[in-house]
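All values below were derived from every heavy atom in this structure, side-chain atoms included, with hydrogens, water molecules and symmetry-related copies excluded. Treat the numbers as computed from the prediction; the structure is a model and nothing was measured. Both counts, for ligands and for their atoms, begin at 1 and track the order of listing.
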Amino acid sequence: MSLATSLGPAGRTALVTGAGTGIGAAIARALASAGARVALVGRTPDSLERTAASIIADDGEALVVPCDVTNEAALDQCLKFAESALGPIEILVNNAGVAFSAPLEKTSDEDIDRLMKVNVRAPWSLARRLFPGMAERGFGRIVNIASTAAHRGFRYCTLYTATKHALAGMTRSLAAEGVMKGITANAVCPGYVETPLVERAADVISQKTGRPAEDAKAALALNNPLGRFVTPDEVAAAVLYLVGADSGAINGQSLLLDGGTPPV
Ligand code: NAD
């Protein structure tokens with residue numbers, strides 16, 4: 001099947017990790033409003049149920065699939081459950097991620113293992129499991145949610161930056177491997193987005209510096225060349241574009257969404 005031949009997300013099955021909160025919830029809602037059946041994967045059933053309820057209230061189709069994406073056995077069960085209920089997964093959005101900031105000397109073996117497992121190993125595990133089916137059917141769309149930290153370094157962000165660079169690199173190689181099989185893989189790389197992740201980052205800055213959390217949050221927004229937070233819906237719109245009917249020729253890209261980080 002040609003890469004240019006695609007129907008977009010309508011009538012297809014999508015799986016979104018970290019779909020209970022923030023960017024993942026916005027992506028799941030956007031895919032469902034575009035007509036996809038969406039498997040909502042994450043660790044916390046309550047937040048997944050909230051995303052599902054908002055999708056179903058808009059006449060969309062969603063399935064709650066509680067799963068820790070770092071647990072290989074759970075991933076197998078999660079895919080089996082999702083595919084038996086919704087059909088073969090054709091769109092994979094690896095969104096679940098953890099952030100962490102600390103000066104290098106305060107980072108540990110446990111920290112790097114924890115970040116690698118969620119931000120790199122889980123996207124690889126899911127892509128590895130779904131790739132053969134996508135190839136057999138001649139269609140697949142993989143979108144990995146990376147970060148501006150996939151494009152440049154940030155002080156006190158060694159581990160997060162390393163994992164997001166790894167994710168962008170993995171995306172390029174998935175793209176190269178999938179190109180003749182009807183599979184595209186792209187990364188979306190937002191600057192600071194107003195989500196629970198940023199709330200936690202502002203709280204950490206506040207605890208460490210004594211600055212009010214609201215001030216810390218405002219400073220984070222100003223780090224975006226855009227001068228404001230990116231919204232979860234803006235990230236979701238980029239994902240929709242990459243899985244859209246006319247985006248089959250876009251492959252291996254790493255799309256920055258922050259208002260214009262200068263190239264390194
Ligand atoms: P968030 O904390 O709201 O979302 C992360 C989601 O991942 C949560 O729902 C969490 O439960 C889930 N998750 C984490 N570990 C998991 C695991 N082991 N198994 C299953 N689910 C797990 O934050 P967000 O800002 O919406 O982040 C979503 C993605 O966007 C992340 O990959 C993050 O790195 C990336 N990102 C965020 C920002 C930002 O400023 N918020 C900027 C660039 C990139």
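- Shown here is E136, whose CD atom has no more than 12 heavy atoms of other residues, nucleotides or ligands within 6.0 Å.
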Identify every side-chain donor-acceptor pair in residues 97-110 under 3.5 Å, counting partners at least two apart or on other chains, and give the distances.
residue: T107; atom: OG1; partner: L104; partner atom: O; Å: 2.6
residue: S108; atom: OG; partner: E110; partner atom: N; Å: 3.4
residue: S108; atom: OG; partner: E110; partner atom: OE1; Å: 3.4
residue: S108; atom: OG; partner: D111; partner atom: N; Å: 3.1
residue: S108; atom: OG; partner: D111; partner atom: OD2; Å: 3.1

Ligand 1: which protein N/O atoms lie under 3.5 Å from its N/O atoms?
residue: ligand 1; atom: 2 (O); partner: R200; partner atom: NH2; Å: 2.8
residue: ligand 1; atom: 3 (O); partner: T21; partner atom: OG1; Å: 2.8
residue: ligand 1; atom: 4 (O); partner: T21; partner atom: OG1; Å: 3.3
residue: ligand 1; atom: 9 (O); partner: T21; partner atom: OG1; Å: 2.7
residue: ligand 1; atom: 11 (O); partner: R43; partner atom: NH2; Å: 3.3
residue: ligand 1; atom: 15 (N); partner: R43; partner atom: NH2; Å: 3.4
residue: ligand 1; atom: 18 (N); partner: D68; partner atom: OD1; Å: 2.9
residue: ligand 1; atom: 19 (N); partner: V69; partner atom: N; Å: 2.9
residue: ligand 1; atom: 25 (O); partner: T195; partner atom: OG1; Å: 2.5
residue: ligand 1; atom: 26 (O); partner: I23; partner atom: N; Å: 2.9
residue: ligand 1; atom: 32 (O); partner: N95; partner atom: O; Å: 2.7
residue: ligand 1; atom: 32 (O); partner: K164; partner atom: NZ; Å: 3.0
residue: ligand 1; atom: 34 (O); partner: Y160; partner atom: OH; Å: 2.6
residue: ligand 1; atom: 34 (O); partner: K164; partner atom: NZ; Å: 3.0
residue: ligand 1; atom: 40 (O); partner: V193; partner atom: N; Å: 2.7
residue: ligand 1; atom: 40 (O); partner: V193; partner atom: O; Å: 3.4
residue: ligand 1; atom: 41 (N); partner: V193; partner atom: O; Å: 3.1
residue: ligand 1; atom: 41 (N); partner: T195; partner atom: OG1; Å: 3.1

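- Under the 4.5 Å side-chain contact rule for hydrophobic residues, L115 and V198 do not share a cluster.
- A donor and an acceptor atom, one from each side chain of S125 and E72, are located under 3.5 Å apart.
- Residues V143 and L257 fall within the same hydrophobic cluster, defined by Ile, Leu, Val, Met, Phe, Trp and Tyr side chains chained together at heavy-atom separations under 4.5 Å.
- Applying the 6.0 Å contact sphere to CZ of R129 captures more than 12 heavy atoms from other residues, nucleotides or ligands.
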